[in-house]
Amino acid sequence: MHRALLPFEFSEPASVEEAVALVDGGRARALAGGVDLVLKMRLRQETPERVVSLQKIAGLDHVRVDAHGGGALHIGALATLRQVEQSAAVTQGWPLLAEAIASIVSMQTKVMGTLVGNLCVGTPASDVAPALFALGARVKIAGVGDERDIAVEDFFLGPGVTAVRPHELVTEVVVPARPVGSAGRFLKLSKTADDIAKVNVAVSVAFSRGTCAHARIAIGSAAPTPVRAVAAEELLLREDWCPATAKAAAEAAARSVRPISDVRSTADYRAEMVKVLVRDALTQAADGAGVLDGHDGKEA
Amino acid sequence: MAKEIATFIVNGQGYEVIVEPHMLLIDVLRDSIGLVGTKYGCGAGDCGACTVLLEGKPVFACLTLAVTARDRSLTTIEGLADGAGLHPIQQAFVDAGAVQCGFCTPGMVLTTKALLDENPEPTRGEIKAFLAGNLCRCTGYVKIVEAVESAAGILRNGGAR
């Protein structure tokens, strides 16, 4: 850890167009909250020649529901984790996302850090990523003279590597309206409350006549990127809901991860914990979605 | 930008400082302005000892580029006391015995101020959650939480003890 940063050029563009012309993802890096970039510069893991602050760009700090766009949630590139966590729209409409952010315990990190920045770090241990996977979010990326829009699952390419190319910037994350009757759950296992996840899991489910009509399972820290457990989701859509189904889905989920051993856990332990967290998250979310209350007309 | 003379508004007072882009806020506060109440702990955003309030919100001064704090309102621990009279939060920390070695205390007090400005009547759980980014390596958290509860009560009564 170095006390001082190496010198660099500093730019504060006033628009996304100016900013994308400057950033190249290598020698010229975008700065939003700075919690990750400045730390990596102190560690000399990043030594940019130019830092491009996005902080002076107007219209990027929103957290709002678009009534005309089917009630989707729009989160701008400068919206802080704290802003998203505290937004009434989020706590009411997408509580799974607020729950995932709440698992990041440092207030300063949430006050400085942005949700988009958290994704752009590209870490497989992101806590917001599994929640956004489970909620079917999309990522808007501005380039020079154009804009593209990709599923959040296609955003992560490898540890620290995202789909953002040189001269591109993520401008917004869009979370669609939650499926009717759905409920979610985020669970995380970590060494201490303020450490990053050994494993984290987000699920979203809804039921019709005792079977899942909607099921999404996402797992973090257990593969080179956050992953969706598609085989487990398909099993849930096929089988009647019961504790054995949750267990079978959890086992299927554990087959969709490729964990490593590191200072936080062994690969085997991570795979076992994927089973436990997926089973528990599904069981708790199913409870939240009312499957056990017979709301769907069938005993669970 | 290269080297420039910038204005920092710290505790309501303007300071003109020569800054370069790579300077960190903690170094401007401690070395350029001479306000050494802000402590340098881990340098990595883990400990919260360097916490200052930027427009009322707690941030890590060790991970903030000084240039991004130009012309914005900053509060450091030196801004809380009124002359020789301690701020009610500081007094509550003293009265509760919530200070051991004292190194984490400026950050703890400022994070507490941000909490109570936003939520004047926090529960014990809310206090712990809000202060989770501030570590006390003497590990005396019980009295810190008690001090925050006590400060909240005092501030709700208009600062009278």
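Residue numbering restarts at 1 for every chain, and letters A, B, ... go by the order of the sequence lines. Just so you know, these numbers use all the heavy atoms, side chains as well, and skip hydrogens, waters and symmetry mates.
For B/I26, the part lying under 4.5 angstrom from a heavy atom of chain A is the side chain only. Heavy atoms of A/R82 lying under 4.5 Å from chain B belong exclusively to its side chain. Heavy-atom distances place both the backbone and the side chain of B/A44 under 4.5 Å from chain A.
When all heavy atoms of B/P58 and A/M107 are compared, the closest pair comes out as CG-CG, 4.2 Å. A pairwise comparison of heavy atoms in B/F60 and A/M112 identifies N-SD, 3.4 Å as the closest pair. Across all non-hydrogen atoms, the minimal contact from A/V105 to B/A132 is O-CB, 3.4 Å. Listed here is the closest heavy atom pair of A/F10 and B/P21: CB-CB, 3.5 Å. Residue B/C42 comes nearest to A/M1 through the heavy atom pair O-CE, 4.1 Å, listed as atom of the first residue, atom of the second, then distance.
No side-chain heavy atom of B/L54 sits under 4.5 Å from any side-chain heavy atom of A/V111.
A/R42 contributes a side-chain N or O that, together with a main-chain N or O of B/C62, makes up a donor-acceptor pair within less than 3.5 Å.
Of the candidates B/L24, B/T64, B/T68, A/V38 forms a side chain to side chain contact (heavy atoms under 4.5 Å, CB included) with just one, namely B/L24.
Residue A/L6 qualifies as enclosed at atom CG: its count of foreign heavy atoms under 6.0 Å is above 12. Counting non-hydrogen atoms of other residues, nucleotides and ligands closer than 6.0 Å to CG of B/D82 gives a total of 12 or fewer.
Here OG1 of A/T192 is found 9.0 Å from CG of B/L135. Values are rounded to the nearest 0.5 Å. Distance CG/B/D46 to OG/A/S106: 8.5 Å, rounded to 0.5 Å. In this structure, CD in A/Q108 is found 13.0 Å from NZ in B/K57, a value given to the nearest 0.5 Å.
Across B/M23, B/E118, B/E20, the residue that shares the most heavy-atom pairs under 4.5 angstrom with chain A is B/E118.
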Test side-chain contact (heavy atoms from CB on, under 4.5 Å) applied to A/D36 and B/L63, step by step: CA-CA 9 Å; A/D36 186 72; B/L63 293 181; over 6 Å; no

